[in-house]
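Everything on this sheet refers to the single structure shown next.
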2 protein chains.
Amino acid sequence: MTLLDVARAAGVSKSTVSDALQGSGRVAESTRDRVREVAEQLGYRPNSAARRLRRSSTGAIGLHLPQTATRLDYYMNLAFGAVQRAQEDGLDVVLLAAPAGAASGPLASRVDGLLVIDPEIGDSAVPGLLDAGVPVVTGERYLGPSPTPTGAVVCDNAASLTALLDHVQGRGARRPALLAPEGASAWAEALRGTAAAWGGSHGSQVAVRTVPFAATPADAEAATRRLLASDPAIDAVVCAPDGAAPGVLRAAAALGRTVGADLLVASCVDGVANRGASPPVTAVDLRPAAYGRACAELLCDILAARTPPDTVRRHAWALETRPSTTG
Amino acid sequence: MTLLDVARAAGVSKSTVSDALQGSGRVAESTRDRVREVAEQLGYRPNSAARRLRRSSTGAIGLHLPQTATRLDYYMNLAFGAVQRAQEDGLDVVLLAAPAGAASGPLASRVDGLLVIDPEIGDSAVPGLLDAGVPVVTGERYLGPSPTPTGAVVCDNAASLTALLDHVQGRGARRPALLAPEGASAWAEALRGTAAAWGGSHGSQVAVRTVPFAATPADAEAATRRLLASDPAIDAVVCAPDGAAPGVLRAAAALGRTVGADLLVASCVDGVANRGASPPVTAVDLRPAAYGRACAELLCDILAARTPPDTVRRHAWALETRPSTTG
DNA sequence: CTGTCGTGCCGGAACGTTCCGGCACCGGCG
DNA sequence: CGCCGGTGCCGGAACGTTCCGGCACGACAG
């Protein structure tokens, strides 16, 4: 079932069929309709390999997630959002594993563009991806040296953490603390900077402790115990990493604190762990599916030359207040 | 940088270059080495579109995950395992979102084969995938009508649940209960059946309650409260869904039970939620990354005609005993 | 009636690879 | 010396698409 078959059936040439179906070229409207109908009826499906060869595009984009992603449902949602958006432009999304360009073929001939989510300095695959010779969109900025400018979709982490701190202050907290992720990601940097700035402008220092980028509840529990032991006046804990807040709740319970009353708890990343906790935990909803969609959309726009390759867009977040801070 | 460029540089014809690099055809070993060297030095990368067109294969496989997967890090691990294995055969993995063959092109021209993980009867995308005209490997069996036989990698869920029940019995439990997932998946069916069988052969009925396929801790907590309220003699709870076991722990704590002592808790799916819980929860480790790898490997073998398309393989699990059952 | 222009369609050449048939060459045998 | 089989390499066709140049034809102005 090729273009030629359709052409024969419709009594026109393959060029006309191509033009008719593509919407390009000069084709009479009547012919176009007829061709479309014949193609539809014959169940014609363009051969993507031939199309890609001719157009010298691959019809696919690559998606790279942090190695730690294997733990976070956040990235799963993001991935599906990206797939949905890419699909609207007829693009496939191929999942990139650790040794990106190594074993398999060259990236450039396999994808038209790349989505690199939360690129960390320590991730050895990232430089190769940024330098693959295809347009790149990063989710959050890459803080390392970048050979070429890339597009990016960024969250205003400063604003969201500020909102969180303002919120707990509004609920009576006087000495908030932050469990910040380690690592040199844009996210980690922004949180630390914002905590310091907020402390400066509000007169009360924010106590900052470091936990792993992909902290487990156990990590958060241990960090919280140490934190509250060293400074019992802490009356609010903002736990940055996804899924770790339940650990804060456990530590609070163990230390006889009442979450929502004498200890407020919040998280910088919303997720099922926060919604399902007891009490449910106030969090910043980064809306991962929409975020993935936004990244894919930007890349599609860049590929279609609808926007310059170094475009930066913002992604909106929302504060979800729950009993862990509202009592 | 095409085959022709390499050919010119090496002073041979494009056919010879192709043969030399592919390892096919009759080429003198010396020529082969020289061509390889020239290609390497020139940084030649085969154009995948041209290759695919000529070979009429796409060089990619599709991966379909349950819609509920967006919650489970289990599937994320599985996906990465599959990607790694596929990469070893030079295949890309494209992520398939909900409306699989609808908006975008026809599946058959985009992928050489399909991985359909935990296919549920209720998933409307599944029949189309099974019927896409390419080899399919399912992770766990599909219980609905299948137009053509598919390959499958299965876990012995009966054996693993039996092992779990035997384990808690060995630790003194006399009245175990199961929080089984709803839905018509092979996994759900196997668990229910096994619970009934185990109860029959051990003289003590296993109490079975249904929770959502992708139950939250809150779901599990509520179910456990109802369970223990209706039957206080229950002394072990096996919680099937991934990530929900912490809810069982919360319910136990609220009802004054001591987990690991007068109430044993275990899960049918291991994950970070079990390892990081307090106390850590005994679980069946399905080794998702290895599982994904096994699925991809089977598909690769089928595509390479190394094994028949309806091959079924087993995947090994391991029981991880932790304080929630060992005290 | 002739020249010009625009519309609608077509033929053919690419895109880069694989693979088949065939040619030249060489050594061995009758 | 002529024939034959095998080895090593090559040319060309094909895969299915897109896109460019061009041709035929009708309309319209001069």
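These numbers come from the heavy atoms of this one structure, side chains and all, not from hydrogens, waters or symmetry mates. Predicted model only: the values in this text are computed from it and were never measured. Naming convention: chains lettered A, B, ... in sequence-line order (proteins, then strands); numbering from 1 in each chain.
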May I ask you to decide whether A:Arg313 forms a salt bridge with A:Asp301, counting only side-chain N to carboxylate O separations under 4.0 Å?
-> yes
Are B:Asp89 and B:Arg306 close enough for a salt bridge, meaning some N to O gap below 4.0 Å?
-> yes
Take atom CZ of B:Arg293 as the centre, draw a 6.0 Å sphere, and report whether it contains more than 12 heavy atoms from other residues, nucleotides or ligands.
-> yes
Could you check whether A:Arg26 gets within reach of a base, just the sugar-phosphate, or nothing at all, counting any heavy atom under 4.0 Å?
-> base
Look at all strands and tell whether B:Thr2 reaches a base, only sugar-phosphate, or nothing, counting heavy atoms closer than 4.0 Å.
-> sugar-phosphate
Heavy-atom nearest nucleotide on DNA chain D taken for B:Lys14 and for A:Ala50; more 5' hit belongs to B:Lys14
For B:Gly11 and A:Asn47, take the nucleotide of DNA chain D holding the closest heavy atom to each; which residue's nucleotide lies nearer the 5' end?
-> B:Gly11
In the 5' to 3' direction, the nucleotides of DNA chain C bounding the stretch that comes under 4.0 Å of a heavy atom in chain A are C:dT7 to C:dG16
For residues 26-39 of chain B, which side-chain donor-acceptor pairs fall under 3.5 Å, sequence neighbours excluded?
residue, atom, partner, partner atom, Å
B:Arg32, NH1, B:Asp19, O, 3.4
B:Arg32, NH1, B:Ala20, O, 3.1
B:Arg34, NH1, B:Ala10, O, 2.6

Residue pair A:Thr16/A:Arg55 against DNA chain C: nearer the 5' end by closest nucleotide is A:Thr16
For residues A:Leu115 and A:Cys295, report the shortest heavy-atom separation together with the two atoms involved.
-> CD1-O, 3.7 Å
Five-pair end axes of the helix from C:dC1-D:dG30 to C:dG30-D:dC1 and the angle they enclose, rounded to 10° = 70°
Looking at CG of B:Asp112 and CD1 of B:Ile302, how far apart are the two atoms once the value is rounded to the nearest 0.5 Å?
-> 13.0 Å
Does a donor on one side chain sit under 3.5 Å from an acceptor on the other, for B:Asp123 and B:His64?
-> yes
Flag for A:Asp242-A:Tyr75: side-chain donor and acceptor within less than 3.5 Å = no
